[in-house]
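Written below as structure tokens is the structure these notes are about.
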Amino acid sequence: MTSEQVADRTAGAAEVRDGSGQDASEGYQRGLGNRQIQMIAIGGAIGTGLFLGAGTAIHKAGPSLILAYAIAGLVIFFIMRALGELLMYRPVSGSFSDYAREFLGPFWGYVTGWTYWLFWVVTGITEVTAAAKYVQFWNPHIPQWASALVFTVILYFANLISVKLFGELEFWFSMVKVTAIIGMILVGIGVITLGFSKAGDTASFSQLWSHHGFMPNGIGSTLMTLQIVMFAFLAVELVGVTAGEATDPKKTLPKAINTVPWRIAVFYLGALIIILAVVPWTEFMPGVSPFVAAFAKIGLPFGAGIVNFVVLTAALSSCNSGMYSTGRMLRDLSLNGQGPKFLAQLSPKGLPIRGTTVSAVLMLVGVWINYQWPGKAFDYVVSFATISGMWAWIVILLCQLRFRRKADRGELPQSEFKAPGAPWTSLFALAFIGMVIVLMGIDKDARISLYCAPVWGAIMAGSYFVLKARNPQAFARKDYSAPEVQEAA
């Protein structure tokens, strides 16, 4: 493609897009402002993996868990910058599913869309189930199914009222998590520097290396925690799904993505450094929240209750995100002929009402199944969340590499938000994810996640060939340089 053709393509695309670069026919309303996008980006990187899962990881790796989070955080930044480059090229709600369709082929777009949808359905089931259990902390007589039903219904209707309400819920859910972490850091600094509370006599940054060193169980144990660390970062890519409904994606999305380094530095590294300086790593036990342990050591009253409230909001935030993203993914698949046609309908307020409804019903059914048969079969399904979440990251990186090659050859316009160091940073991130998957295969407790992948892959491949035989046009490779294709995207 010549430079003149690239210019013609860009000009033609502008005719079917509004001023921010979104496909004008996509139908969504721009109800997510800068304040909401920023907090969605922050909240997406902070979940129960930090508040609860970090206790197990500290027990395994000791203070070296900080290093694991730092390296994984750098990889997450590379992934998000790769996503940012794609978003500035073509900001659509289909996000990485649509990019997979364009740069990798129809099959990969099909697999990515359905995989990411299932990821959020399964995540929503586990999170709303967890939220119901957290409620029983205060009142064990409330049936788990009742809380799960109430939470699901509330979040479902919130997502049907307006995208702005979804953004507001995420804003305040994220605010609770951010406030809790900052509060813990400030209190911990006070204990370390001023020596107040019963932890003041022993609290010191020397705790990071004084108990058998910074890496007490060896590098192998540190590497084995990477799967836990990466799980904690799942959903950070959700900001990409908001591209079609951000008020000014060209401005808000780069700003949100560029905050990834300091978010990880403060909320993960900062919090872990302070907690491990207050509480020796040897006192942490698997299954115990490091925040609960820190509050108990400091002697703050109601510490367990505070953390329970925070993890409750984290679970509800994840379920709310699941409601949001599943509806958009199903509509994207429907518009491209790779999902049921009736799911493409939008409400008068520009919301994918049918896709959201189908996903919410499945979440409720999943909660009931989990309640009735909480055995190994359901554990296999839940474990799929980890590997499917990383699949989205792999697709983002592969699409960015393909886009960059085409842009460098002059076949596509250059992105306004180039990923620094690419393609090497993207290749490094891919290699890192590959290493984590290998480590998951070595760990008998995490290996279960990999068992689900070939089963799901076989289902996707089989359904793809069946649907392609029925409707070949829906799975034909499209020319995204044609304006009429962009109108349908």
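Along the sequence shown, residues carry numbers from 1.
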Query raised in the report: Just by modelled atom types, is the L330 backbone N or O under 3.5 Å from a matching donor or acceptor in the S334 side chain?
Result: no
In short, R402 meets L104 closest at the heavy-atom pair NH2-CD2, 4.4 Å
Between R90 and Y99, is NZ or CZ placed under 6.0 angstrom from the six-membered ring centre and within 45° of the ring axis? no
On a heavy-atom basis, the closest approach of G84 and I257 is CA-CD1, 3.5 Å
Practice prompt. Find out whether V311 and S289 are in side-chain contact, i.e. whether some heavy atom of one side chain is under 4.5 Å from a heavy atom of the other.
Written response: no
Practice item. Tell me, with the steps shown, if Q414 and D408 meet side chain to side chain donor-acceptor pair (under 3.5 Å). Key: CA-CA 8 Å; Q414 293 284 353; D408 289 344; 3.3 Å; yes
Tightest non-hydrogen contact, residues P352 and L346, listed as N-CD2, 3.5 Å
S64 and T222 have their tightest heavy-atom pair at OG-OG1, 2.7 Å
task = State, with a plain yes or no, whether a side-chain heavy atom of V260 is found less than 4.5 Å away from one of R263.
result = yes
Q: Report yes if the side chains of L83 and L397 come closer than 4.5 Å at any heavy-atom pair, otherwise no.
A: no
Q: Assess R101 against F103: is NZ or CZ under 6.0 Å from the centre of the six-membered ring, and within 45 degrees of the ring's axis?
A: no
message = For the backbone of G109 and the side chain of S97, can you confirm whether one donor and one acceptor N or O come within less than 3.5 Å of each other?
response = yes
Taking the side chain from R404 and the backbone from A419, do they hold a donor-acceptor pair closer than 3.5 Å?
-> yes
Give a yes or no on whether the backbone of L155 and the side-chain of N159 come within a donor-acceptor separation of less than 3.5 Å.
-> yes
### Query
Does the side chain of E85 reach to within under 4.5 Å of the side chain of F417, using non-hydrogen atoms?
no
What do the steps show when you test Y89 against Q400 for side chain to side chain donor-acceptor pair (under 3.5 Å), and what is the final call? CA-CA 10 Å; Y89 154 67; Q400 187 265 343; over 6 Å; no
Applying side-chain contact (heavy atoms from CB on, under 4.5 Å) to I219 and M215, what does each step give before you reach the verdict? CA-CA 7 Å; I219 190 171; M215 198 174 290; 3.8 Å; yes
*asked:* Is any side-chain heavy atom of V310 closer than 4.5 Å to one of F291?
replied: no
Strictly distance-based, threshold 3.5 Å: is any side-chain N or O of T259 a donor or acceptor partner for the main-chain N or O of A256? yes
Within the 4.5 Å heavy-atom criterion, are I79 and I433 side-chain neighbours or not? yes
Note to self: I want to check something: taking the side chain as every heavy atom from C-beta on, are S415 and F403 in contact at a cut-off of under 4.5 Å?
What the structure shows: yes
### Message
Please evaluate residues R328 and L351 with respect to the criterion side-chain contact (heavy atoms from CB on, under 4.5 Å), reporting the C-alpha separation (whole Å), side-chain torsions for both, the decisive distance (0.1 Å), and the verdict.
### Response
CA-CA 9 Å; R328 274 75 184 167; L351 301 171; 3.6 Å; yes
Heavy-atom side-chain proximity of V229 to L65 below 4.5 angstrom
yes
To the nearest 0.5 Å, atom OG1 of T357 lies from atom CG of L362 at 11.0 Å
Between the CD1 atom in I396 and the CZ atom in F96, the distance rounded to the nearest 0.5 Å is 5.0 Å
Rounded to the nearest 0.5 Å, the CG atom of L223 sits from the CD1 atom of I442 at a distance of 9.0 Å
Margin query: Assess the residue pair V365 and M363 against the criterion (side-chain contact (heavy atoms from CB on, under 4.5 Å)); give the C-alpha distance rounded to whole Å, side-chain angles, the decisive distance to 0.1 Å, and a yes or no.
Written below: CA-CA 5 Å; V365 171; M363 288 180 189; over 6 Å; no
- Taking atom types as modelled, is there a side-chain donor on Y464 or Q338 under 3.5 Å from an acceptor on the other? no
**Message:** We want to know whether S321 and W120 form a side-chain donor-acceptor pair, criterion being a heavy-atom distance below 3.5 angstrom.
**Reply:** no
Task: Exam field: side chain N336 to backbone D332, donor-acceptor pair closer than 3.5 Å - done: yes
In short, M80 meets E237 closest at the heavy-atom pair SD-CA, 4.0 Å
Original post:
Does the ring centre of F107 sit less than 6.0 Å away from the ring centre of Y110?
Top reply: no
Any donor-acceptor N/O pair, S463 side chain to I459 backbone, under 3.5 Å: yes
- Message: With a 3.5 Å distance limit and no angle check, can you tell me whether S318 reaches the backbone of A315 through a side-chain donor-acceptor pair?
- Response: no
Donor-acceptor check, side chain of R447 to backbone of M440, threshold 3.5 angstrom: yes or no? no
**OP:** Tell me, yes or no, whether the heavy-atom count around F231 atom CZ, taken from other residues, nucleotides or ligands under 6.0 Å, exceeds 12.
**Re:** no
Note to self: Let's go through V178 and F267 carefully: what are the C-alpha distance in whole Å and the side-chain angles of both, what is the deciding distance for side-chain contact (heavy atoms from CB on, under 4.5 Å) to 0.1 Å, and is it a yes or a no?
What the structure shows: CA-CA 8 Å; V178 169; F267 300 127; 3.8 Å; yes
**Asked** Can you tell me if CH2 on W108 sees more than 12 non-hydrogen neighbours from other groups inside 6.0 Å?
**Response** no
What one should report as the nearest heavy-atom pair of A61 and T225 is CB-CG2, 3.7 Å
CZ of F432 to CD1 of I437, rounded to nearest 0.5 Å, is 11.5 Å
field: Exam field: side chain S174 to backbone F171, donor-acceptor pair closer than 3.5 Å
entry: no
